[in-house]
Amino acid sequence: MLMDSWGRQITYLRISVTDRCNLRCVYCMPPEGIQLQNHETILRYEEIASVVRVAAEHGVTEVRLTGGEPLTRPNLPALVGMLSVIQGIRDISLTTNGLLLERYALPLAEAGLKRINVSLDTLRPERFARITRGGSFETVWRGILAAEKAGLAPIKINVVAMRGVNDDELLDLARLALDHPWQVRFIEVMPVRNEASWGENLPNSEEAFLPIAEIKERLASLDLQPATGKTGSGPAREYFLAGGPGRIGFISPISDHFCGECNRLRLTADGHLRPCLLSDLEIPILPALRRGEPVLPLLQQAVALKPESHELVQNHRPVTRCMLQIGG
Ligand code: SAM
Ligand code: SF4
């Protein structure tokens with residue numbers, strides 16, 4: 001088993017498959033963009049699968065694919081297919097911006113993908129284009145419907161809640177769970193290399209921060225009831241919504257961190273194990289993989305180095321990568 005120094009068992013591997021993205025969300029990507037990795041330094045699908053095989057032999061049961069935008073990587077269903085036959089992996093999921101989902105939902109489901117998270121911070125097309133620096137709301141919406149039709153379930157909608165950006169829409173977004181069997185999850189904005197200006201008439205990351213407690217107050221009219229039995233092992237606190245088939249989730253990495261329950265390890269597209277999203281420490285795994293050396297010691301080392309809680313707690317901010325390069 002992969003057990004960290006604080007007694008937490010690691011059962012979840014979050015894998016970023018690319019540092020490329022077809023959007024440039026203001027809270028995620030710096031305005032000047034990022035220095036993209038050369039293809040040679042990105043893990044190949046066989047290499048990702050070999051890491052997952054070792055992790056699965058040591059207790060990892062869940063894998064989530066993320067990015068950058070994972071669907072910009074050619075033939076992602078092939079990777080899903082490779083991972084779905086690994087013994088011990090019970091759950092494969094994907095976090096996507098949904099732009100390419102209409103095309104890929106069915107091939108992904110057929111390859112073994114179980115469920116999906118789609119990021120959608122607004123229901124207003126113009127605002128969507130502004131937050132994502134050019135994205136099409138309608139395309140993402142069609143992607144979500146295609147995922148539903150392909151049988152991916154549950155569908156989770158990730159909403160980064162931001163004061164002065166989309167806080168006037170939180171009720172409308174939550175009401176999606178009244179009409180659809182989806183889980184709408186509100187996430188606090190995290191200060192990960194997004195301190196630069198977000199653009200004209202937009203707040204910066206500090207001004208945009210909206211604590212979950214305040215979001216809950218704004219949703220008070222929905223009469224949320226704590227849900228028993230979680231959908232997945234993630235950090236969201238889940239609630240039922242009277243009169244609707246969906247759920248509401250809250251993810252509060254800043255105002256009420258859930259580090260004590262952390263069960264995860266991250267693998268970046270360029271082959272680094274990252275013990276904690278919000279701490280810069282990383283262990284390179286790519287050289288060992290390419291030399292044919294065992295990766296278990298590196299997995300064990302990364303797990304042993306997991307901090308008890310993230311560094312924002314001590315007022316340090318991660319500085320080496322932006323969210324897009326980590327995978328969220
Ligand atoms: N491109 C995919 C997407 O947008 O879903 C996957 C990668 S994205 C980095 C993963 C998740 O991180 C998304 O739900 C996104 O909204 C969230 N995210 C990015 N930057 C964030 C930030 N600064 N604070 C909170 N969540 C953030
Ligand atoms: Fe791309 Fe996702 Fe980051 Fe938006 S949140 S820039 S879609 S990686």
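In listed order, ligands and their atoms are each counted from 1. All values below come from the heavy atoms of this structure, side chains included, with hydrogens, waters and symmetry mates left out.
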Discussion item. Just verifying a value: how many Å separate Asn204 CG and Trp198 CH2, rounded to the nearest 0.5 Å?
Written reply: 7.5 Å
Worksheet item: Just how far is it from atom CG of Asn75 to atom OH of Tyr104, taken to the nearest 0.5 Å?
Response: 7.0 Å
If you measure every N or O of [X] against every N or O of ligand 1, does any of those distances drop under 3.5 Å?
| X | result |
| --- | --- |
| Gly68 | yes |
| Ser119 | yes |
| Asn158 | yes |
| Tyr27 | yes |

Worksheet item: Can you list the ligand 1 atoms lying under 4.0 Å from a non-hydrogen atom of Glu69?
Response: 1 (N), 2 (C)
Worksheet, complete the sentence: Counting only protein N/O/S atoms, those under 2.8 Å from atom 4 (Fe) of ligand 2 total 1
Worksheet item: Could you go step by step and tell me if Asp19 and Arg73 meet the salt bridge (charged side-chain N to carboxylate O under 4.0 Å, His left out) rule?
Response: CA-CA 9 Å; Asp19 60 351; Arg73 180 131 180 205; over 6 Å; no
Worksheet item: Looking only at non-hydrogen atoms, which of Ile131, Val118, Val140, Val160 approaches atom 26 (N) of ligand 1 most closely?
Response: Val160
Worksheet item: Strictly under 4.0 Å, does any heavy atom of Val192 approach an atom of ligand 1?
Response: no
Worksheet item: Could a heavy atom of Gly68 be found less than 4.0 Å from some atom of ligand 2?
Response: yes
Worksheet item: Is it true that the NZ or CZ of Arg237 lies under 6.0 Å from the centre of Phe250's six-membered ring and within 45 degrees of the ring axis?
Response: no
